[in-house]
Amino acid sequence: MVDRPFAMQRTLVKDAHNATAPSDAILLQGWVRTRRDAKAFSFIELNDGSCLKGMQVIVDASLPDYANVARANTGASVEVHGKLVESKGAGQKWEVVATTFAVLGEADATYPLQKKGHTLEFLREIAHLRPRSNLFGAVFRVRSRLAYAVHQFFQERNFHYVHTPIITASDAEGAGDMFRVTTFDVANPPRTEDGKHVDDAKDFFGKKAFLTVSGQLEGEIFAHALSSIYTFGPTFRAENSNTSRHAAEFWMIEPEVAFCDLHGNMDLAEEFVKYLIRDAKEHCAADLEFFSKFVDKDLLARLDFVLEKPFVRCSYTEAVEILEKSGKTWEHPVAWGTNLQAEHERYLTEEHFKCPTTVYNYPRAIKAFYMRATDGCSPGRETVAAMDLLVPGIGEIIGGSQREERLEKLREGMALHHLDEKAYWWYLDLRRYGSVPHAGFGLGFERMLMFVTGVGNIRDVIPFARTPGTADF
RNA sequence: UGCCCGGUAGCUCAGUGGCAGAGCAGGUGACUGUUAAUCACUUGGUCGCUGGUUCGAUCCCAGCCCGGGCAGCCA
């Protein structure tokens with residue numbers, strides 16, 4: 001350990017930059033970003049992650065500790081006692097003149113982060129070091145702030161935070177392929193008496209279990225008691241998706257609101273997205289400026305635009321008409337009753353409306369069983385109260401619906417999707433006892449971060465990405 | 001999972017069927033209230049792996065591995 005000449009409270013670089021007066025005694029701890037040696041002194045840029053900007057530290061060659069400077073290479077951790085003074089150089093208001101300078105942990109020449117730009121692909125391979133880069137420091141500060149803002153948004157509106165289970169035994173949530181959870185010896189699982197099948201009754205939970213793909217169904221239970229709830233937690237999808245906007249493990253926010261219809265749901269989604277953007281602009285201004293400079297030049301203008309304009313709302317049927325009349329040739333044909341493809345969604349939000357767009361009332365046959373059947377549809381044009389919020393550059397960021405609150409209609413939907421009512425007895429009970437109109441949606445937290453930061457790959461807005469074939473760190 | 005592109009120094013890349021290249025990083029020295037400092041010199045290679053064609057393969061061919069983009073699935 002390093003001898004400390006005097007006990008002192010550490011000052012964060014962020015707070016040092018915001019100082020209103022010089023200080024005779026300040027303690028900084030952090031990591032060296034770069035060092036520039038002059039004959040009589042050295043400049044060291046120290047970053048502690050509290051903000052984007054580092055603090056310039058000056059170590060005079062006459063100091064007894066000056067010998068330590070030679071070991072303070074890029075990446076080393078250091079501890080500096082000194083004076084906060086107004087900088088003589090351009091580029092920063094304050095700088096620290098060291099009185100002591102200690103290296104806590106050296107970093108030799110093999111330290112991979114150089115004083116130059118690195119590709120995102122390379123940085124992904126060193127996910128244990130990339131938070132020390134400007135870009136990833138900024139991304140993860142914004143991530144932290146927005147996670148806080150999510151809670152703030154809902155708590156301010158009297159929503160209650162519900163911890164829905166991560167492990168689920170209902171293998172029919174329907175939102176995608178699921179990861180299996182088991183304590184079996186995979187090579188030699190217990191078998192039924194005839195030896196033909198794996199005996200799931202002998203597994204940990206007495207039946208097959210999986211990682212959750214959505215907390216929605218459990219969320220509905222709590223909305224039927226606490227009125228307005230939200231979940232915010234990890235979600236797992238075992239799909240073999242290899243795109244810049246899919247991960248096998250991601251974080252999802254799922255509000256569920258009793259006494260709410262589709263339009264209230266769309267209002268909430270729009271208000272929520274705008275709230276998060278406003279919060280990031282207010283609390284992460286320097287980081288967003290950095291993204292705007294180095295990641296996406298149009299970022300700040302786009303965020304302002306999104307805040308100012310009401311989102312477009314467009315029914316599925318209208319969307320199909322727009323696409324048919326667009327004069328475009330589509331790789332995937334447009335036809336009422338089929339899903340909108342990425343190229344169609346991009347056209348709507350990026351070219352036609354040039355604005356975040358909520359598409360609602362989708363054909364019943366292509367949507368989930370729990371979505372509310374629209375009343376008064378013409379035959380062959382049955383729809384459900386589903387909605388997708390599409391944003392330029394990313395596509396779908398929110399998916400949601402008003403839920404079917406009528407018992408018989410829900411059973412009808414389950415029959416349509418060939419689902420076993422017995423597996424959903426408790427879900428059906430909600431419609432038997434005090435059923436109410438209710439609605440909710442899921443926001444992909446990482447997709448929101450991509451939108452707010454301009455970062456183009458989901459692997460770069462999550463600390464350690466889990467994608468097909470990759471679960472390092 | 002399908003289609004497309006790529007893998008050469010620590011990083012970013014150029015290159016050729018016949019001795020392996022640059023910039024940056026690293027090292028040494030000089031210079032300097034510097035700002036990814038600057039200048040000079042300099043170390044550094046399993047050319048992804050395996051096999052094939054060839055007198056000779058980093059280069060051509062095949063298979064595999066890894067990375068990326070797009071599509072599907074979705075948030």
Side-chain angles (χ1 to χ4, degrees), chain A residues 33-45 53-60 73-75 85-92 95 97 107-126 129 133-134 174-177 213-216 232 234-254 269 273 294 330-332 338-346 366-368 386 388-391 394-400 441-451 456-462 467-470 472:
Chain A
R33 280 295 173 77
T34 178
R35 189 183 90 217
R36 295 174 289 275
D37 295 323
K39 188 173 275 177
F41 49 88
S42 290
F43 294 109
I44 287 155
E45 191 189 328
K53 201 170 163 53
M55 177 57 73
Q56 174 158 287
V57 174
I58 289 139
V59 189
D60 196 273
N73 297 319
T74 302
V85 299
E86 283 188 35
S87 178
K88 290 182 207 166
Q92 59 278 318
E95 61 189 16
V97 176
D108 69 14
T110 62
Y111 182 66
L113 284 174
Q114 300 174 5
K115 293 179 276 188
K116 64 166 219 157
H118 287 291
T119 61
L120 295 172
E121 290 81 6
F122 171 69
L123 290 167
R124 266 172 226 154
E125 293 170 10
I126 51 165
L129 298 172
S133 66
N134 285 332
D177 294 334
V213 293
S214 165
Q216 180 202 317
F232 183 12
T235 309
F236 306 88
R237 303 273 167 92
E239 265 111 28
N240 192 8
S241 299
N242 290 290
T243 80
S244 55
R245 56 190 191 285
H246 287 87
E249 178 184 299
F250 63 99
W251 284 60
M252 186 156 65
I253 298 128
E254 295 181 286
V273 166
F294 293 105
W330 304 108
E331 192 185 330
H332 303 271
T338 62
N339 245 317
L340 297 182
Q341 303 298 309
E343 58 174 337
H344 307 140
E345 295 182 344
R346 269 207 315 275
I366 58 170
K367 285 292 181 179
D388 283 354
L389 174 58
L390 315 174
V391 296
I394 296 167
E396 183 176 344
I397 198 168
I398 280 178
F441 61 81
L443 169 77
F445 188 51
E446 285 77 17
R447 289 190 181 173
M448 186 67 206
L449 283 167
M450 290 168 72
F451 190 62
N457 195 308
I458 199 167
R459 296 170 181 89
D460 299 325
V461 295
I462 193 164
T467 51
T470 306
D472 297 329

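Below, each value reflects all heavy atoms present in this structure, side chains not excepted, and no hydrogens, waters or symmetry copies. A note on names: the letters A, B, ... follow the listed sequences, proteins ahead of strands, and every chain is numbered from 1.
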Gln216(A) CD - C74(B) P separation (whole Å): 14 Å

Arg237(A) side-chain N/O to C74(B) phosphate OP1/OP2 under 4.0 Å: no

Pair Arg237(A)-Asp177(A), salt bridge (charged side-chain N to carboxylate O under 4.0 Å, His left out): steps then yes or no: CA-CA 6 Å; Arg237(A) 303 273 167 92; Asp177(A) 294 334; over 6 Å; no

Asn457(A) vs G69(B): side-chain N/O to OP1/OP2 distance below 4.0 Å: yes

base_contact_polar (C74(B) base, His246(A) side chain, donor-acceptor, <3.5 Å): yes

Salt bridge (Lys or Arg N to Asp or Glu O under 4.0 Å) against Glu254(A), all qualifying residues, sequence neighbours excluded: none

Touch class at under 4.0 angstrom, heavy-atom based, for Ala342(A) against every strand present: sugar-phosphate

Pairwise side-chain contact, His344(A) with His332(A), heavy-atom cut-off 4.5 Å (strictly under): yes

Under-4.0 Å side-chain N/O to phosphate OP1/OP2 contact, Arg459(A) with G68(B): yes

Nucleotide C3(B), atom P - distance to CG of Asn240(A) in whole Å: 14 Å

Sugar-phosphate only, base, or nothing, as touched by Gly117(A) at under 4.0 Å among non-hydrogen atoms: base

Sugar-phosphate only, base, or nothing, as touched by Ser244(A) at under 4.0 Å among non-hydrogen atoms: sugar-phosphate

Sugar-phosphate, base or nothing in reach of Thr34(A), heavy atoms under 4.0 Å: sugar-phosphate

Sugar-phosphate only, base, or nothing, as touched by Gln92(A) at under 4.0 Å among non-hydrogen atoms: base

Watson-Crick or G-U counterpart of G51(B), or none if no pair lies under 3.5 Å: C61(B)

Any strand: nucleotide that pairs with C41(B) via Watson-Crick or wobble, under 3.5 Å: G27(B)

Touch class at under 4.0 angstrom, heavy-atom based, for Phe122(A) against every strand present: sugar-phosphate

Glu125(A) CD - G10(B) P separation (whole Å): 13 Å

Any donor-acceptor N/O pair under 3.5 Å between U1(B) base and Glu239(A) side chain: no

Identity of whatever pairs with G56(B) - Watson-Crick or G-U, under 3.5 angstrom: none

Sugar-phosphate only, base, or nothing, as touched by Thr119(A) at under 4.0 Å among non-hydrogen atoms: sugar-phosphate

Heavy-atom donor-acceptor pair, Glu446(A) side chain to Gly444(A) backbone, under 3.5 Å: no

Residue mapping more 5' on RNA chain B - nearest nucleotide basis, Lys367(A) or Glu45(A): Glu45(A)

Side-chain N,O (Thr470(A)) to OP1/OP2 (G67(B)) below 4.0 Å: yes

Euclidean distance, atom CZ of residue Arg124(A) to atom C1' of U12(B) [Å, nearest integer]: 16 Å

Sugar-phosphate, base or nothing in reach of Gln56(A), heavy atoms under 4.0 Å: base

Separation of A36(B) C1' from Ile44(A) CD1 (nearest whole Å): 16 Å

Sugar-phosphate, base or nothing in reach of Glu254(A), heavy atoms under 4.0 Å: nothing

Side-chain donor/acceptor contact of Ser241(A) with base of C73(B) under 3.5 Å: yes

Near-ring test Phe250(A)/Phe236(A), centroid separation under 6.0 angstrom: no

Non-hydrogen side-chain atoms of Leu129(A) and Pro112(A) separated by less than 4.5 Å: yes

Phosphate OP1/OP2 of G69(B) contacted by Arg245(A) side-chain N/O (<4.0 Å): no

Polar side-chain atom of Glu343(A) near backbone of Glu331(A) as donor-acceptor pair, under 3.5 Å: yes

Donor-acceptor pair under 3.5 Å, Glu121(A) side chain vs G69(B) base: no

Touch class at under 4.0 angstrom, heavy-atom based, for Gly442(A) against every strand present: sugar-phosphate

Watson-Crick or G-U wobble partner of G67(B), both distances under 3.5 Å: C5(B)

Sugar-phosphate, base or nothing in reach of Ile398(A), heavy atoms under 4.0 Å: sugar-phosphate

Derivation and outcome, salt bridge (charged side-chain N to carboxylate O under 4.0 Å, His left out), residues Asp388(A) and Lys367(A): CA-CA 11 Å; Asp388(A) 283 354; Lys367(A) 285 292 181 179; 3.7 Å; yes

Near-parallel close stack of Phe445(A) and A75(B) base (under 5.5 Å, under 30°): no

Sugar-phosphate, base or nothing in reach of Ser133(A), heavy atoms under 4.0 Å: nothing

Complementary nucleotide for U12(B) - Watson-Crick or wobble, under 3.5 Å: A22(B)

Summary of protein contacts for nucleotides 24-31 of chain B, nucleotide by nucleotide, where a base hit scores B, a sugar-phosphate-only hit scores S (4.0 Å, heavy atoms): BSS----S

